[in-house]
Each structure stands twice: as C-alpha cells, then as structure tokens.
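The structure appears right after this line, and notes come after that.
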Number of protein chains: 2
Amino acid sequence: MKKNTNQTYDTGCPVAFALRMFGDQWTLLVIRDMAVKGARTYSELLDGGEGISTNILAQRLKQLEENGLVSKTRDPENWRSFLYALTDKGRDLAPVLAEIILWSGKYNHGDNAMTDTLQKVRRDRSGFEESIRNGAVP
Amino acid sequence: MKKNTNQTYDTGCPVAFALRMFGDQWTLLVIRDMAVKGARTYSELLDGGEGISTNILAQRLKQLEENGLVSKTRDPENWRSFLYALTDKGRDLAPVLAEIILWSGKYNHGDNAMTDTLQKVRRDRSGFEESIRNGAVP
DNA sequence: CATATCAACTTGCAAAAGGCAAGTTGATAT
DNA sequence: ATATCAACTTGCCTTTTGCAAGTTGATATG
C-alpha cells in the first residue's frame, strides 16, 4: 500500500483540481501567451515578457500537454519549429483569465497597469473570450 | 543600481499581477477555505483538507495580509484566537473562484469531483458569489 | 502553587523545485 | 567544412517546501 506523505490525494475540490493543472507561477503565463498574445512556438513563449527560463518552459509545456491543455504539432512550413496551441480544454480557461484580468484591473494601481488587454476585456468581455476560443484549431 | 536577476519587474500584465498575489499552490486554497468553507482561524485553515503545513500557512497568511486580501483581528470571545477574514479585495476573487470551479467541473471526471460547491455554482452562480461577498466584514 | 492545555506560530533540517549558463541535435544555408 | 537556428537538455547552485519538534502566554486543573 502506498503511503500518503501529504501528496495530492484528491479531495475532489474543484479549486484544488485546477491548481494541479496551473497552480504555479508560470503555467498560467504560458497559457496567457498562447491565448492572449498568440504565441505559438517555443521561442515566442520563451520571450513571453516575464522571463521564464528555458528548462522551466520545457517542463511546463510537457505538463500542459500531458494534462491536455496544449497540443504540439510540427510546423508544416518550418521543419525546425513545433507549433504549440491551446486545446479546447485550454481555451476554456478564457473566462478564468477574463476574471483574473478584471480583478487585477481593479486592484493594480501601478503605472503601466492599464494594458490593452484590460481595456479589451472591460469593453467587450465576450469578444475577448471568443477571440481566444477562435484560436487556430489544433 | 539594482540588478534585475529576473525578479518580477512589473510588465503591467494583469495576469502576472494577480499571480504575484496568489500564483502558487497554496494561496488560493487558503482563500477558498475562507471564502467557501468559512474558515476563520489558523487551526481551521490548517485543517483545510489539502494538508498545508504550518510554516507555509503562516507565511501565506502574512503575504495575504501584506497584499491586503486578508485581515487579522483578535477574536473578542477567545483571547487565544485570531480571526482571519477576507477583505473586499479578497472577496472580489469570488468570480475567479467561480470560473475556476466551473472549469474544473467540466474537466474533472474523478470519482468525487461533483462537489456541493460545484453544484451550487452551477445552479446559482450569483448566489455563490454573493454568499462570499456577504462574509463578515472585517 | 505546579502542571497541563490550547491556539498560533517559529525553527531546523533534509528534499524538491527553480534559475542560470552552457551544451546538444539535426537539417539547411553559406 | 562551417555556421545557423529552434528546441531542448544538463549541471550546478540557490531558494522554496515539507515535516517534525519546539516556543509562548494566558487560563484551567489538581
């Protein structure tokens, strides 16, 4: 019998379930880069803005793939590139992103806090969500 | 001049801002315990279900207080207890929690995935959010 | 009066995760 | 023959976690 040394044994809590998928400092930023910024390759993701390091990015992409949030295919036009894309499961995080963005919009009073994305979500939230859902189909 | 060894220098991204507040494995679970399960004391939070360890809980509560998501007051009825409560800023995460729960409800096909909370959010989402917003005022 | 209790932490140490720089791979372009 | 470029991998050191045990201070107990 396996000893349970704390490790996630499923309590069934939906919040905990979600956190197992993207409950760390980087995963949601990777998703953001794909969903909002349209990043599709490893290089683009690496230059995502927040400075993720290459080993962590590789690890997170692998997890995201394993968890079915992201797909990885060869770029038909570039033998050397792979194309990463959100799956439906990944794109369905759009409402979560939207709420997070709105919350930050309310409470981040920093200088450059008023981003294009925030404005877009405020003005046309369902448009924002749709644009994510209409990302290229894997 | 300070060297920026990666560390969070603000890109202004709302997602990144939010992740600085609760972008780790435990913080959102602590918020969940207060918002959804009504936990108010350190002991209650410690027994939150997922098995957070005491040093981490203490650390997270401190951060949450510093970031203004949680308030800490003495329990007027129990000299030994403190009462932790979500502030408005913390309660405003209700929609984020709701979306996370709905997402998990869609994709968690585990045995005990259909929790009371999920059902409540599905049936009466604004009621769920209101119940969080109506937590005792700090 | 001495001792036990209880909530809320703190401390110490080993283990795991993260960050940084450098190296690898394999097909083209020069 | 050598350089390039995207996508990783590897090694090493630092930081963060996890776990267990200890601390604190006011009451309750004997």
Side-chain angles (χ1 to χ4, degrees), chain A residues 2-9 11 16 19-30 33-34 38-67 70-85, chain B residues 2-9 11 16 19-30 33-34 38-67 70-85:
Chain A
K2 200 97 165 270
K3 191 89 158 287
N4 187 316
T5 66
N6 163 28
Q7 305 313 1
T8 43
Y9 86 110
T11 60
L19 290 180
R20 257 172 268 139
M21 303 279 176
F22 54 82
D24 72 283
Q25 201 61 234
W26 289 113
T27 302
L28 212 53
L29 290 176
V30 172
D33 285 342
M34 304 180 96
R40 311 209 155 279
T41 66
Y42 191 89
S43 314
E44 285 170 2
L45 290 166
L46 202 52
D47 301 337
E50 250 78 34
I52 190 172
S53 51
T54 174
N55 52 343
I56 302 296
L57 176 58
Q59 217 175 93
R60 293 301 184 274
L61 283 171
K62 199 171 156 194
Q63 287 175 17
L64 283 168
E65 233 194 308
E66 287 168 1
N67 288 331
V70 160
S71 67
K72 178 184 182 180
T73 56
R74 260 190 194 287
D75 185 342
E77 308 191 344
N78 255 34
W79 67 269
R80 48 183 125 195
S81 266
F82 289 92
L83 293 178
Y84 289 97
Chain B
K2 202 101 167 264
K3 192 86 159 292
N4 188 318
T5 67
N6 165 27
Q7 307 309 4
T8 45
Y9 86 110
T11 59
L19 290 179
R20 256 172 268 139
M21 304 279 175
F22 55 81
D24 72 282
Q25 201 64 235
W26 290 112
T27 302
L28 212 54
L29 290 176
V30 171
D33 285 343
M34 303 179 96
R40 313 211 153 276
T41 66
Y42 192 90
S43 314
E44 285 169 4
L45 290 165
L46 203 54
D47 301 337
E50 249 77 36
I52 191 172
S53 51
T54 172
N55 53 343
I56 302 295
L57 175 58
Q59 217 175 93
R60 293 299 184 275
L61 283 171
K62 199 172 154 192
Q63 287 174 19
L64 283 167
E65 231 194 308
E66 287 169 0
N67 289 329
V70 161
S71 66
K72 178 185 182 182
T73 55
R74 260 189 195 289
D75 185 340
E77 308 191 343
N78 255 33
W79 67 269
R80 47 182 123 196
S81 266
F82 288 92
L83 293 178
Y84 290 97

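The sequence lines fix the lettering, A, B, ..., with proteins before strands; numbering per chain opens at 1.
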With a 4.0 Å cutoff (strictly under), does any side-chain N or O of [X] reach OP1 or OP2 of [N]?
{"X": "A/R80", "N": "D/dT4", "answer": "no"}
{"X": "A/S81", "N": "D/dA7", "answer": "yes"}
{"X": "A/K72", "N": "D/dC8", "answer": "yes"}
{"X": "A/W26", "N": "C/dG19", "answer": "yes"}
{"X": "B/Q25", "N": "D/dT16", "answer": "no"}
{"X": "B/R40", "N": "C/dA8", "answer": "no"}
{"X": "A/Y42", "N": "D/dT9", "answer": "no"}

In whole Å, I'd like the distance from the [atom1] atom of [X] to the [atom2] atom of [N].
{"X": "B/L83", "N": "C/dA7", "atom1": "CG", "atom2": "C1'", "answer": "12 Å"}
{"X": "B/E44", "N": "C/dA8", "atom1": "CD", "atom2": "C1'", "answer": "13 Å"}
{"X": "B/F82", "N": "C/dT10", "atom1": "CZ", "atom2": "P", "answer": "10 Å"}
{"X": "A/N78", "N": "C/dA27", "atom1": "CG", "atom2": "C1'", "answer": "12 Å"}
{"X": "A/L57", "N": "D/dT10", "atom1": "CG", "atom2": "P", "answer": "16 Å"}

Does a side-chain heavy-atom distance below 4.5 Å link A/W26 with B/L19? no
Considering only heavy side-chain atoms of B/T54, the closest of C/dA27, D/dA6, C/dT10 is C/dT10
Among the nucleotides C/dA7, C/dC9, D/dG18, whichever has the atom closest to the side chain of B/S53 is D/dG18
Is a donor-acceptor contact shorter than 3.5 angstrom present between the side chain of A/N55 and the base of C/dG19? yes
Contiguous pairing runs of three or more, Watson-Crick or G-U under 3.5 Å, that involve DNA chain C: C:1-30 with D:1-30
